Every structure is written in structure tokens, then in C-alpha cells.
Amino acid sequence: MKPIITIAKRELAGFFASPVAYVFIVIFLLLSGFLTFMAGGFFERGQANLDSFFSWHPWLYLFLVPAVGMRMWSEERRMGTIELLFTMPVEPWQAIIGKFLAALAVMAISLSLTFPVVITVNHLGHPDNGIILGGYIGSLLLAGAYLAISSMTSAMTRNQVISFIVSVVVCLFLILCGWPPVTNLLIHWAPQAIVDTVASFSVMTHFEGIQKGVLDTRDLLYFVSVIIFSLFTTSVILRAHRAG
Amino acid sequence: MKTKSSSTLVFSTLGVVVLFLLLVAVNYLNTFVKKRIDLTHDRTFTLSEGTRQIVKKLDSPVTIRFYATQGSSEMPTILKMYAKRVEDLLDEYQQLNPKKIIVQKLDPLPDSDAEDSARLDGVESQPLPSGEHISLGLSVSLLDQKEAIPFLDPQRERQLEYDITRAISSVITVNKPVVGIMSALPVAGMAGQPTRGIAQQGSPPWVFYNELKRSFNVRNVDMTADKIPDDIKVLVVIHPKSLSPATEYAIDQFVLRGGRLIAFLDPLCVLDASQQGAMGFAPPSNSTFDNLLKAWGVAFNVQKVASDMNYCVQTREGRQPAVLAMNEEAFNKDDIVTADADNAVLAFSGVFSGISTTGLKVTPLIKTSRNSELVDVMQARMAGGEVISRFHAGGEEYPLAIRLTGKFKTAFPDGKPEAAPDAQTGKTEEKKEEKTNPAPLRESAQENTVILFGDADFIQDPVAVNEMDNPFGGRERFVMPANGNLNIAQSAVEQMAGDNALIALRSRSVSERPFTLIKQMQGIAEASYRNKIQELEVSLRDTENKLADLQQNKDKGQKFILSPEQQKEITNFRKTEADVRRQLKEVRRNLRFEIDSLENRLKWFNVALMPALVAVAGITIGLIKRRYAAAR
């Protein structure tokens, strides 16, 4: 446990030592604010809820999260510091989890800095704060899932740009795989059962489920599964690179 | 060596694939576990206590067949998402009592067994605008008792739990509940008979009566009854005109023993045909419960009807302010009976008032808008125009229908009242049954509920239904509800006749949570705006009157030429008019201005403030570090 925390702290300090973290947070806050109030029609809807805030997150994270995650392993591989990392008295999986947690902490900090919008909506009316809590939990899980996928893609390549692009594509697939135009395409060359299974991989159904204010084990397990799978695959890839 | 090769195996591509399949399997298995934490304030996703009670005490298995078209291209997204939510809810029911609730999920594809089953169950496919047919319905059955919800309307989502629980409750009841109807009006129809030489026409049973007969055992209860039969579960009293104390006592005891009462009282029952006797102009017939209402702490004024300028109907003769066509704002959305009511017509309805002093909870079910007032019955019968010109909004929302809940106390503390002396013999009847009757109840043992409506015309055919010729050319005329009246009345009877647990089932609020602060600001600004309008109108009227006066005092010869005074007056009038209009525009702009500036401030606060703070923090830290590094 302790090595994980050490690595996480080191990574987190690294984030905030450079402009990376600040730029990310500022852009995230600006974009989410703009999307909520200008594009999302927060006032026009006239309802005291944060639907117009949370509904953008899957798309917002789609581009911003890979930007944070792309350097997780590509950087280390490019600079050759990976070998150095693994000579330390630390298991690879601890390093992976540590780095993941550090990046997730940056996400969490960004999310928590959106508290003005919660204050606003409570000032204007009487929202269901239970639903808002659910919204934040779902959003963090979503960010975690995207982050884990980014970690996986960044382990694949030394090039950060490739990592970014592949990560975006994978996350996009996860968003769209439940979308009727996509499922209709798949129906032509796969049985219904497979198509339904693929559709159930969609991030949207599970995200929207938590957004409603219900913490369903099915949705929670989904996000945890994505994270476990991606981090495990990260370790497989890193091992393969080390060996070969 | 061994550990190295096993870990190589685990961490290989094979390992990845295995883990993937494992996770898919775990997730799939988990779909059968429906554990969830409901964070919502209204517990929207948890089954309510009433449902739990009914489902847990089932002793025979109930089958719920859920029909939903699955094909992803035909089903519109809204219906598909709603179907998923219905499915989730049905699974909750099953979890409550897995042995006694069987849920079957079927896709009624054309020519499939499922389609036949759907038809047998009464779940018909619905045509879409595209021409496709889809099904979304369910049926609840126990042996040969069946109850169907032919189409699950997403707009009725809030009542979904109630609908399903009610269907379950009705299939487990072997006998149809007995509903008694007591009325001075010919609800069950009347045979024609000549009276004093003028033939009194017979009348068919009311549509309301016929509809009730489809679901219940309907019995007539005499207006002079002194005891309500024990097997009557719901008593519907319609226009109890000239109610004797003995009968009122019977109703009192009925309520105290747990019987469910729905009463339609009326200060002015326009459709009481028996009033138009040979005498010609008859006094208005009204009805109320003198003693009962007093005991329950509510008042019903039979001298006044409600007139409402927001809801008044427009007829050929002009506006009728006492005939009200209510829209959905008039109904209590939290009560099952009026939850999905969106229109109703009440003609010359009375209002209820008073906060119950005896601890009963008074819930208004239907109310007027604030733009309403109480008008004398006699006045209301006159042409509407007079009432309108004298209209002055009281600013109160008057309840036209209420529900009383709680423990009721008797209205007759001295027991059964003396029977009214026989009109002809002047003697009172002997009370032989005194000894054999049970002791009078003084208070209800458990909580009970009573629904009172202020209008008896509400459920009569001329108000509630439209008749039209049979489109298929038969002799029978088709009747269609003209508004939500029958629906509301029937919901009330159904709810009262159902299991006690159903009464408590509230309609789930997919609640409206508006920006109360902004609404308040709008209200305040509108109030001041309203004052300005009144000022304007007063000044306009003044100037107009002055102008009219001037015109009257002119010489006859100067009919078409304006005198200098008149001209001056007209220019002044025009100037004042323009001035006040300008002021109005300013007020309107100010009204929006406050709200707009609030919104702008909030936008800046949210979009720009925090990023700016973070940026400043980042730059500051960067500068500090640089100085620190430079110092070194």
C-alpha cells in the first residue's frame, strides 16, 4: 500500500510542478462552465438541477482526460525512465495504480472546483442534492474509466499523440456502441446476443443510470470492470515491452 | 522457475482475453442482482410501503406479463427507455416476493405466440405515425382473474407503481367490491311517468353509473335509509338534497366503521330535472351535510358558488364565470385521484373552507385560481355579464374538492336522532330496533378518508360526456368523455374501493423543481407592474369620462365640430396616454433587468471566477518557485 501512495504523491507533485495541472483545470472549468450556461441553456431550462452540467461530461472528458493520461507511460518510455522506475523496490502493478490514482486525483480536484455551480443551483431553487451527489460520483467514475483506458494506450507507444488519438477512439467507441445506428450496423453480421452484449458496454447507459440518482451495482461494477481491465492490460503491455 | 512461468502466462495476451471474458461474465451475472441505493430525495426509485404490504401478503402466485417490442428500429427511443424503466420496476416487485410474483417478459412479434397472448390479455399494439406497430403494455393475472394495462404511457410514469399495484390488488380480490349509490337524482335511470298531467320523461342510467357497474357491484341506497348496509365498502352520495338527520346519522356511522365515503354536494345543481315541476320557476336545489361537515370542521356554503375569471368558459351568450373549465394547474398533483387530471368542468360549484378543528387533515384536490371570488347563488343564475362586471378577485384559491384524512369523530354525540315526525299523522315512529341495534360508534378505530366534491353536475351526462352517432352506422350512440370529470370520479371510487394500502400510495413526483428565486423576483416585479397597469387604466378611464362629459355638454349645433376645450382635452389625453405607456415599457424592462443581471452575475461567477483563481494560483506558485530557484 505504501509504495502506491509514494508513487501517487510523486506523480501528483509532478503534475502541479509544471503548468500541466493548472492548464488542465482552468480549461476544464472554463469549458464545463461555458457548456453548462451558454450552450446548455442552464437558465432557459428553468429547472433547478444540474442536468445541463453533467450531460456534457462524457464528451468533455473524451478530449480532456486522454490529454492528461497520454503522458502517463509514453513519457517514461520515451525518456527511458521506465527501467529506473522498475529498479525501485516497487511492484509494477503498484506503480500503475499509483500513477492512475495521481491522475484521478487531478480529475477529482477539477471536479470539486466546480462547486460554485452547486451553490448557484441551491441559491436559485431547491434541487435534489441526492441526485447531484450521484452526478458527481458518476462523473468521477467516468473520468476514471477514461483515464484507465488512456493509461493502457499510453503504455502501447512512446508517441504521446498516438496515445491520445487511440485513447479518444476507444472511449468514443465506448460511448457509441449502444447507439442505434451502430447497433444496426452490427446486427447484419452478428447474432442479436452479441450485439446486445456489445451495446451493454456503452458508457452512456451506465453513466445516465447513476445520473438519475440511483447507485446501481450494475453501473458501479461496469466502471470498476473497465478500470480493472484497462490497468491489467497496461501491466501486460509494459511487461511485454520490458521483456522484448 | 515455476512462479516466473506462471506469471508470464497470467500477464500475457491470453491473460488479457481471459480477464475480459471473466469481467463480461461477472457483469452479466450481476444483472440479476438488483441492489441499488436510491439517492433521490423523493425515493423515486424505491417501491413504497403500500406496495410492499400488498405484495408481501400475497398467498397465490400472480403472473405479470410484460409486453414490449424489442426490435431496435421500430421502437422510438423514448418508449425503449421507458420500457427499460418499467422492466426495472417489475423486477423490484419480483424481488419483494420472488415466489409469488412471476414476471414474464415477452416480445409480441407479428405472428408469434407472444402476440396471441398479448391479444388475449388485452394488450393491443399501437400504431406509430410511421405506420409501424409497437406494443408496450402489461397484464396481471391470477388464475382466471385478469387486469391489463393496454398501453404504458410514459406520461403516466408517476402513477406506474400505483397502476401496477392496483392491478395486482384487483386480481387477488375474488368478489367485486360493493359500491352503494345514494342520490336524490336518477343516477340509475328512471322510468317515465306522468305527474299531474305533465308527462315526466324517463331517463337512462348515467354513463357514470354504467361505468361503475363494469368494475363493481353497484347497489342503490335509499335517500331515507337509516342504516348503510354492512357489505357496502364505498358509498357515493350524489346531491343529498333534503337529507334527513337519520340518514345523515347512518352516513356518520358508516364512516366511523371504516366505510369509504365520496360525496358530491352542490349549492346549485342545475341539472336537477325534478325541480322544473309544473310550478315553473323553481328555487335552486342545493345539498350539503349539515351535521357531518360541522363535526369534521369544514364548511360548505350553499349560498355561494365559485366564479373564476381564469377558468370561466366561453359560450354563445358570452363568458360564464361560474362554469369553470379547469386546466392542470387546478389539480393536486400529489394525490392519486387528481394526479394526472388535466381538465375538468365544474358548473356552479361550491367551495369548502375551514381547517379541520378535529385533527383531520384537509387536502384540496381541485382549487380555483387566485383570480376568483364567491358569488351569490341567485346572482350566478343570472346572465354571466353581470357577474363579470362586478368581479373582484379575492386573491384566494378556493378548494372545490377536498380529501379528509384521519380519525373521524361522530357528528351525533347523543346517538341516533329522533326520526322525523310523519308529516300526516304527526306521530314519531316507534323505535323498535333500539335494543337490537349495536351501540353507536363515537369515533373511527382507524384512520379513514372521505372525499368531498362541491359540484354534483360534475358527473352528470350533459357535463361529463359527449354523445355522437355511431360511426359504424348502428342505432346505439357512442359516448365519449368530454373532459376529465368521469376519470377523476372513477379514480376516486377505484382508490376508495381498493386495498387500504393503495390509498396511501402517493403518486410519485417526477418533480418540477423550478428556480424559486427567479419566480419570486418575477412575482414581485409583476405585482408592481400590475399596480402600474391599474394606475394607467384608472387614469385612462378618468380622461375618457371627462371626454364623454364634454361631449354631452356641447351645443346641439356643434355636433361634429370640437370646441377648443374639447381639443385641449384630447391633446392632454393623448399626452397622458403616451406618457403612461412609456412608463409601462420601463417597468417591463426593469422587471427583466433585475433577473437578467442576476443571471449574468451568476454566469461570470461560475464560468470565469474559479478558472481565474486557479490561473492566479498557478502563476503565483510558478513565480515563487522561480524566485526560489533563482535565489539558490
Side-chain angles (χ1 to χ4, degrees), chain A residues 16-17 19 21-23 25-30 33-34 36-38 42-43 46-49 113-117 119-121 123-131 133-134 137 180 183-184 187 197 200-201 212-218 221-222 225-226 228-229 232-233 235-236 239-240 243, chain B residues 7-8 10-13 15-16 19-20 23-24 26-28 30-31 33-42 44-46 70 72-73 77 80-81 84-85 88 511-519 595 598-599 602-603 605-615 617-619 621-622 625:
Chain A
F16 282 98
Y22 302 98
V23 170
I25 294 177
V26 167
I27 294 190
F28 172 75
L29 291 176
L30 275 176
F34 171 75
T36 306
F37 288 93
M38 322 301 186
F42 178 75
F43 289 112
Q47 288 294 313
N49 59 36
L113 288 178
T114 60
F115 69 80
V117 81
I119 297 178
T120 305
V121 83
H123 176 61
L124 287 178
H126 306 287
D128 186 334
N129 284 311
I131 294 185
L133 177 64
I137 293 177
T183 53
N184 284 340
I187 273 213
T197 317
S200 72
F201 290 169
K212 276 192 305 190
V214 184
L215 295 181
D216 195 323
T217 52
R218 289 173 287 175
L221 185 63
Y222 168 80
S225 304
V226 172
I228 291 179
F229 177 74
F232 178 78
T233 312
S235 77
V236 169
R239 272 181 78 95
Chain B
S7 70
T8 323
V10 167
F11 281 92
S12 66
T13 322
V16 172
L19 179 66
F20 178 75
L23 286 174
V24 170
V26 167
N27 272 281
Y28 176 70
N30 194 36
T31 54
V33 174
K34 304 282 160 85
K35 270 237 163 275
R36 27 152 68 165
I37 304 175
D38 189 338
L39 293 172
T40 61
H41 183 258
D42 303 318
T44 334
F45 300 102
T46 329
Q70 294 296 329
S72 43
S73 52
T77 326
K80 232 194 294 185
M81 288 181 9
K84 189 82 194 31
R85 298 202 287 276
D88 283 345
S511 52
E512 281 282 304
R513 287 173 186 267
F515 287 142
T516 43
L517 184 67
I518 294 191
K519 281 206 182 266
I595 295 180
L598 172 69
E599 286 183 2
L602 286 175
K603 276 188 195 159
F605 175 62
N606 282 288
V607 179
L609 180 64
M610 195 51 75
L613 287 180
V614 173
I619 294 175
I621 294 181
K625 284 228 291 245

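Only a predicted model underlies this, so the values are computations on that prediction, with no experimental measurement involved. Below, chain A is the first sequence line, B the second, and so on; all start at residue 1.
Note on A:Ile131, A:Leu30, A:Asn129, A:Thr233: by heavy-atom pairs under 4.5 Å with chain B, the leading option is A:Leu30. For the options A:Ser225, A:Ser235, A:Gly33, heavy-atom pairs under 4.5 Å to chain B are most numerous at A:Ser225. Interface summary for chain B: among A:Pro19, A:Gly125, A:Ala48, the most heavy-atom pairs under 4.5 angstrom belong to A:Ala48.
Remark: A:Phe34 pairs with no residue by the ring-ring contact (aromatic ring centres under 6.0 Å, His included) rule, at least two apart or across chains. Applying the salt bridge (Lys or Arg N to Asp or Glu O under 4.0 Å) test to B:Lys625 and every residue at least two apart in sequence or in another chain returns nothing.
Rounded to the nearest 0.5 angstrom, B:Leu517 CG and A:Thr120 OG1 are separated by 11.5 Å. Atom CG in B:Leu19 sits 6.5 Å away from atom CZ in A:Phe229 (nearest 0.5 Å). Taking CG of B:Leu602 as the start and CZ of A:Phe42 as the end, the distance is 8.0 Å to the nearest 0.5 Å. A distance of 9.5 Å separates CG in B:Leu23 from CZ in A:Phe201, rounded to the nearest 0.5 Å. In this structure, CD in B:Glu599 is found 8.0 Å from CG in A:Leu124, a value given to the nearest 0.5 Å.
Taking each heavy atom of B:Phe515 and A:Val121 in turn, the nearest pair found is CE2-CG2, 4.4 Å. Closest non-hydrogen pair, A:Leu113 versus B:Met610, comes out as O-CG, 3.2 Å. Counting all heavy atoms, side chain and backbone alike, B:Pro611 lies closest to A:Leu29 at CG-CB, 3.6 Å.
With a 4.5 angstrom heavy-atom cutoff, A:Ala17 touches chain B via backbone and side-chain atoms both. Heavy-atom distances place both the backbone and the side chain of B:Val26 under 4.5 Å from chain A. Within the 4.5 angstrom heavy-atom criterion, no atom of B:Leu613 approaches chain A. Proximity to chain A (any heavy atom under 4.5 Å) is shown, for B:Ile619, by neither the backbone nor the side chain.
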Run the side-chain contact (heavy atoms from CB on, under 4.5 Å) test on A:Tyr22 and B:Ile621 for me, step by step, so that the C-alpha distance in whole Å, both residues' side-chain angles and the decisive distance to 0.1 Å come before the verdict. CA-CA 10 Å; A:Tyr22 302 98; B:Ile621 294 181; 3.2 Å; yes
